[in-house]
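A short write-up of the structure that comes next.
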Amino acid sequence: MTLWQEYHLPATVNEALSLMQRYDGQALFVAGGTDLMLDLEYGNHPPVAALVDVTKIAGLNEIQEEGDWIVIGAAVTHAQIESDSRVRRYGAALAESSSVVGGPQVRNVATIGGNVAHALPAADGTIGLLTLDAQVQVCTRTGDDVTCEWRPLLSIFAGPGRNNLAVNQMLAGFRFRKTGPREASAFDRIMRPQGVALPILGVAARLTLDESLTRIANAAIAIGPAGPIPFRTTEAEAVLTQAPRFDEAAVDAAIAAAQAQARLRTSKHRATKEYRHEMIAVLLRRVLNRAVETAKTNVE
Amino acid sequence: MTQLTLTVNGRKHTLDVPPNRYLAEVLREDLGLTGAKIGCEEAECGACTVVIDGESVVSCIYPALKAQGAEILTIEGLAPEWQAAQSPISNLQSQQNGRSERLKLGDLHPLQEAFVLHGATQCGFCTPGMIMQAKTLLDENPAPSDDEIKHCLKDTLCRCTGYKSIVDAVHAASEKMRSGEMPPPKLPETVTPLESIGRPLHRPDAVEKVTGQAMFTDDFQFADMLYGATLRSDHPHARILEIDASEALAMRGVHAVYTYEDVPGDPRHGLVENDWPVFAGGQYPARYVGDPIALVVADSDELAHEAKKRIRVEYEPLPVVADPVYARQPGAPVLHPDRPTGNLLKHIKVRQDDLSQAFSEADVIVERTYRTPRTEHAFMEPECSIGVPAGFDDPHYGKHDKLTVYVGSQIPYSDRRQVAKSLGLKDEEVHIRGTVMGGGFGGKEDITGQIHAALAAHKLGRPVKILYDREESLRVHPKRHATIIRVRTGAKKDGTLTAVEAELYGDSGAYASLGEKVLTRATTHATGPYVLDAAKIDCYAMYTNNAPCGAFRGFGVTQSAFAVESNMDILAEELGMDPLELRRKNAMRVGAMTATGQVLRESVGLLECLDKVEQGIRDWRSEIGDSLATDQSPISQSPNLWEPFTIGTKRYAWGVAAGYKNTGLGGGAPDKAEAEVEVFPNGRAEIRTSSAEMGQNLIGVLAACTAEELGLPFDDVSVLVMDTDRTPDGGPTTASRQTYVSGNAARLAARTMREQMQAVLAEKFDVPPEVIAFHEGLAYVDGERLAKVSNQGTGNGENRAVNGSNGGPRARQPLRSMTFAEAVQTMIDEGREPKLRYEYWAPKTQPLGTGGDMHFAFSYAAHAALVSVDTETGEVRVEKVITAHDVGRAINPLSLSGQLDGGVVMGIGNALTEHYIEEDGVPWTEHLGQYKMPGIKMMPEMTHFIVEHATADGPYGAKGVGEISSIPISPAIANAIYNAVGVRFMALPVDQDALLLAMKRGEKELDRRWGDPPPA
């Protein structure tokens, strides 16, 4: 079976979207292709008329610092992210989560845009972005014109493996605010060494301490998989910001809140619901403590 | 078609490719650069790694058009690039674009050289990808740490080496690039070497393997070649009512569709039982989902696979037998109605003396039931067979006089027999030509595509290649038997074992393969390497509709050792005895009798193995353990070697297990190997036998034996293997037998040749033959010199002085000497044949149940594992492994270390990660990503002790090592986990999820393993 008939390497977003519109649902975007090729090969996705490769679009494979923001093109690879000093400094959770995806050969081609567009609730890169409160740039082609706008990351997920972008839309990039003074983020996950590609659970947290360095002023916590789409545990975030001080009791309360809010399930040969429940506690404790320790050193 | 321009190894190419082509296909097929290998086509194994614009990628699923305009470096370009960088003014030679000339060690990139010298290439299939990936690390980081190397090679898999030699080689290359000096490998101590025996000589095929020149089956492209694709059953058990191939046959480019009706000879094959249909259909139902129904032959691989999908098969599904215990129950569907014993392939029994008496003498009795998983060899090279018709003249590979099958097979003569039989030909009308083989481990003993490829080539008159992708490989070839083993062990208060009673169920799957033999070995080894008063062991080898099970490194003993050695630790605890002491007390030793009635007369090094491992643990405790920041006083102060300690959230403890494994077929099977030696007037020799080289370096063993006997430098001996027309039968490469059996055949062939040459020279020089000596490529008639070399080749290593301090023998040229070349010429001039064959028969053995010697040799081992368990997550890690193996004699310490490292890491996989999961006869495990063999990050630190209790009939005292290295490790890990956290795994592989929950609930024994259906 010819899994795709044509392979296009457009140079601009406009050209890419015009191709997609021309194929009218019979084409797929491809970036690194490390997931997509397997989906096509295994028959999880039916053959298509064309693949539209976005990795040669100018600017899409760059990381930029723009004022308070770090802007990451959709075709930036995981390898670029993990080694970028700005992401490591201002978005550690994303650098950490990107550094554990696949092996080096995969990270050299697999892109952050592909990771997000694939819309898996346990995708490491997505969890890293989510905790940074990242926005996603969606470009829409209407007539011959392309307009791009920034949206909240969570707004594009429709369900496991599904995003809600239309045939005339594509992801062009992501941006997040640089973590500032007394602020830090961290990521951790639990895998199993057996034949399961996806993590059992991934957790990322971003915390801002108040001036006293004893209280959490702001918190963002992403957990996956904990529902059909990538998930932020707003309850645990609230517990932390309302706690009088960051201590064991606050962590325990945040864990309980996260466990209560997460929609965990048993997935065959990957993990039981009970185990995931335990892992929320272990991982959340680890990332919270690590983020707080780093935040304390980020004083100015 | 789309135009693709890219630069590969410095040379620009412009070619038209279909838009759906992958980069690996462009490199391998369009450009003929077959160095990058295809191991999985799912970005899982890294064998296809190449470097694009400085970054490594897996080329198997990399769309070729993505590389538009890119610069690509493949393994073929590595050495030329390195040479050019070293001496920019020298011309770039013709090799730049690939395999044009044979490279020498000195021409290689330091990584390639280090992989050769450190034994980091075994089967060689992963090597090109491994080296290219490591290169990207050294480019950025000239002096990487262990962790950085592991990070870099994380997803580049190797099934042979256990990764240790690979890490060492990367360090060595780094050192050479910085200092100009290549450090030698660090190897365990062994007895004094002879000239070639006992020396860490690098493999004869290493340079080809590290440069991408080695030719695996799929690397061959014949003129006019067609491609076959095999349609397999949708059901684990179904009658085939109708096969309609008309739509497939109507496709342009499809040449034929073959089914059961097209098999001219025997419709079935099989290694022992002739029970496996060449095609299911007609009177043979499909009995598992790997059963072939039709073979499509077409112009291209892609077209053949497309046409395969257009074949319509009408099935009548039959009830499925998915469990060996159910299979034995009355009323279970009978899978092979022509067999008198129903689903029972074999009931295997061991009976030793009066069981009830022996149990009545026991003070403590431990009885438990264990389960071991069905596991997969996961050799890196999926199966490939190419049939070439008789009379076919290939412009590159020449004339084929006979119907020829190119294949990497562990038993070429068995392939020949089975191919000929099913094609209705005489054995002599078929020629099996072995190619370089990318691992076997027992998984390439049975027929896979050989008969189909031969059939299609024979009928169509054109070469036909049948390459399995990883998915098909997983689905088709026999696995390691899943077993259920109940063991009852009795002991007196002082630890003396009195009796073992055991019942084993082995799931042999749809076809017998070597099931009966494997499970016989599981049964006879189910007492462990211990002396007992009585034993009663019953094993039921059952047919089911699961994947057939057959040979896999350890051959049944891996399974029973897990049960036996787990029981030993439970027993030790109940007795309040040290587990090592309990083993030592009962260990087999010279003079002891096995449960099958064999008296062990010699070469039983088990006690020394146990002692070495204990010493290893003690040394670790004082050298390393005491420096760790643990929760307790210095570790070495604890009288209990197995006491756990805590660092952070992790709990650590050592565990130990022992094991033994027969060398050779045994059980009364005639065990022989034939070897042919030929000497040439250019001073070289060649040794030939059909035995299989699958990565273990048998060729190095054969070359060393030959060189030793002929007094030739190792490099002057070439080796030819695996060819039914040009090499005599070495028998199956299985049962850890080849070093012993074929090694002996080579040794004795060479010795006979030497004696023949001695006789000729004796006449010429008019001296008695005994005064003629062969050494370093010279023949001497010199009393004084002779005295120094008189013991050569006899196993005594006291004669190294002959290498001489004043310039060596070549420089001194004693009066009456001639070169080996002249000696050969003299012999030829005398009209003597410079070629002879030797048929070596191993000592006779007895069938099970008749007493006497069931095997002619056993190897012994003790393994200790330091394991950590994260008490928060249940994650288990093997941190350190100390082993001791009694191998009789280390023929090549470098290859021996490789066997030990690789066996240990494979055993870690058996304990921690590997399980070929089937659900009602349907595999859940479809891809390599669902079957994780250990990656480099799972490699523990390893220390090996070599124990050499020579066996009298083995070559220079050697016995087998291939399997024993993988046997005690799994129970050692399970015992260590118990020692660390108090939870005993009754089933493998370990499941961290279940372990954590068991720890929380305070459960002591856990029957849940990874791959069991989720709890309700």
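The chains referred to below are lettered A, B, ... by the order of the sequence lines, with proteins before strands, and numbering in each begins at 1.
- Centroid-to-centroid, the aromatic rings of A:F29 and A:W4 stay 6.0 Å apart or farther.
- In this structure, chain B has a heavy atom under 4.5 Å from the side chain of A:I200, while its backbone stays farther away.
- Of the listed residues B:Q68, B:K932, B:M933, B:M938, the one with more heavy-atom pairs under 4.5 angstrom with chain A than any other is B:K932.
- Interface remark: A:R107 contributes side-chain atoms only to the contact with chain B (heavy atom separation under 4.5 Å).
- With 3.5 Å as the limit, one finds a donor-acceptor pair spanning the side chains of B:S56 and A:N108.
- Remark: side-chain polar atoms of B:W1010 are paired, donor with acceptor, to backbone N or O of A:H269 under 3.5 angstrom.
- When heavy atoms are compared at a cutoff of 4.5 Å, B:Q133 approaches chain A solely by way of its side chain, counted from C-beta outward.
- In this structure, chain B has no heavy atom under 4.5 Å from any part of A:A110.
- Taking the six-membered ring wherever Trp is involved, the centroid distance between the rings of A:H8 and A:Y23 falls below 6.0 Å.
- Of the possible donor and acceptor atoms, none in the side chain of A:S267 sits under 3.5 Å from a partner among the backbone N and O of A:R270.
- For a residue to count as touching a neighbouring chain, one of its non-hydrogen atoms must lie under 4.5 Å from one of that chain's; by this rule B:E41 touches chain A with the backbone only.
- No option in B:V26, B:D16, B:L4 other than B:V26 meets the side chain to side chain contact (heavy atoms under 4.5 Å, CB included) test with B:R21.
- No other option in A:I190, A:L9, A:V106 has as many heavy-atom pairs under 4.5 Å with chain B as A:I190.
- Contact annotation for B:V876: neither backbone nor side-chain heavy atoms come within less than 4.5 Å of a heavy atom of chain A.
- If you check the side chains of A:N14 and A:T12, you find no donor sitting under 3.5 Å from an acceptor.
- Ranked by heavy-atom pairs under 4.5 Å with chain A, the first of B:A43, B:G929, B:A994 is B:G929.
- Residues B:N141 and B:E148 bring a donor and an acceptor atom of their side chains to less than 3.5 Å of each other.
- Of the atoms belonging to B:T49, it is side-chain heavy atoms, and not backbone ones, that fall under 4.5 Å from chain A.
- B:T649 touches chain A through its side chain: at least one heavy atom from C-beta onward sits under 4.5 Å away, while N, CA, C and O do not.
- Under a 3.5 Å cut-off, the side chain of B:E140 and the backbone N or O of B:L137 do not form any donor-acceptor pair.
- A distance-only check finds a donor-acceptor pair linking the side chain of A:E15 to the backbone of A:A11 [under 3.5 Å].
- Looking at B:I917, the atoms closer than 4.5 Å to chain A (heavy atoms on both sides) all sit in the side chain, from C-beta outward.
- Proximity to chain A (any heavy atom under 4.5 Å) is shown, for B:K937, by neither the backbone nor the side chain.
- For A:T272, the parts lying near chain B are the backbone and the side chain together; criterion is any non-hydrogen pair under 4.5 Å.
- In this structure, the portion of B:L996 lying under 4.5 Å from any heavy atom of chain A is its side chain and not its backbone.
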Exercise. Would A:V52 and A:L28 count as a side-chain contact (heavy atoms from CB on, under 4.5 Å) if you check the C-alpha gap in whole Å, the side-chain angles of each, and the deciding distance to 0.1 Å?
Worked result: CA-CA 6 Å; A:V52 176; A:L28 285 171; over 6 Å; no
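- Of the options A:L94, A:L283, A:V100, a side chain to side chain contact (heavy atoms under 4.5 Å, CB included) to A:F187 is made by A:V100 and by none of the others.
- When only modelled atom types and interatomic distance are considered, A:D53 and A:Y7 share a side-chain donor-acceptor pair under 3.5 Å.
- At a heavy-atom cut-off of under 4.5 Å, chain A is reached by B:D870, B:E872, B:T873, B:E875 from residues 867-875 of chain B, listed in order of number.
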Problem set entry | Candidate pair B:K135 and B:D139, rule salt bridge (Lys or Arg N to Asp or Glu O under 4.0 Å), full reasoning | CA-CA 6 Å; B:K135 178 200 185 283; B:D139 283 351; 2.6 Å; yes
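- Heavy atoms closer than 4.5 Å to chain B are found in both the backbone and the side chain of A:E6.
- Heavy-atom pairs under 4.5 Å with chain B peak, among A:S99, A:A271, A:A197, A:G102, at A:G102.
- Ranked by non-hydrogen atom pairs under 4.5 Å with chain A, the options B:E42, B:K154, B:K66 are led by B:K66.
- Using the six-membered ring where Trp is involved, B:H927 and A:Y42 have ring planes that are parallel, under 30° apart on the 30 and 60° scheme.
- With a 4.5 Å cut-off on non-hydrogen atoms, B:I61 touches chain A through its backbone and its side chain both.
- Each of A:R192, A:M37, A:R276, A:E274 has some count of heavy-atom pairs under 4.5 Å with chain B, and the biggest count is that of A:R192.
- Between the side chain of B:R1009 and the backbone N or O of B:L988, at least one donor-acceptor pair lies under 3.5 Å.
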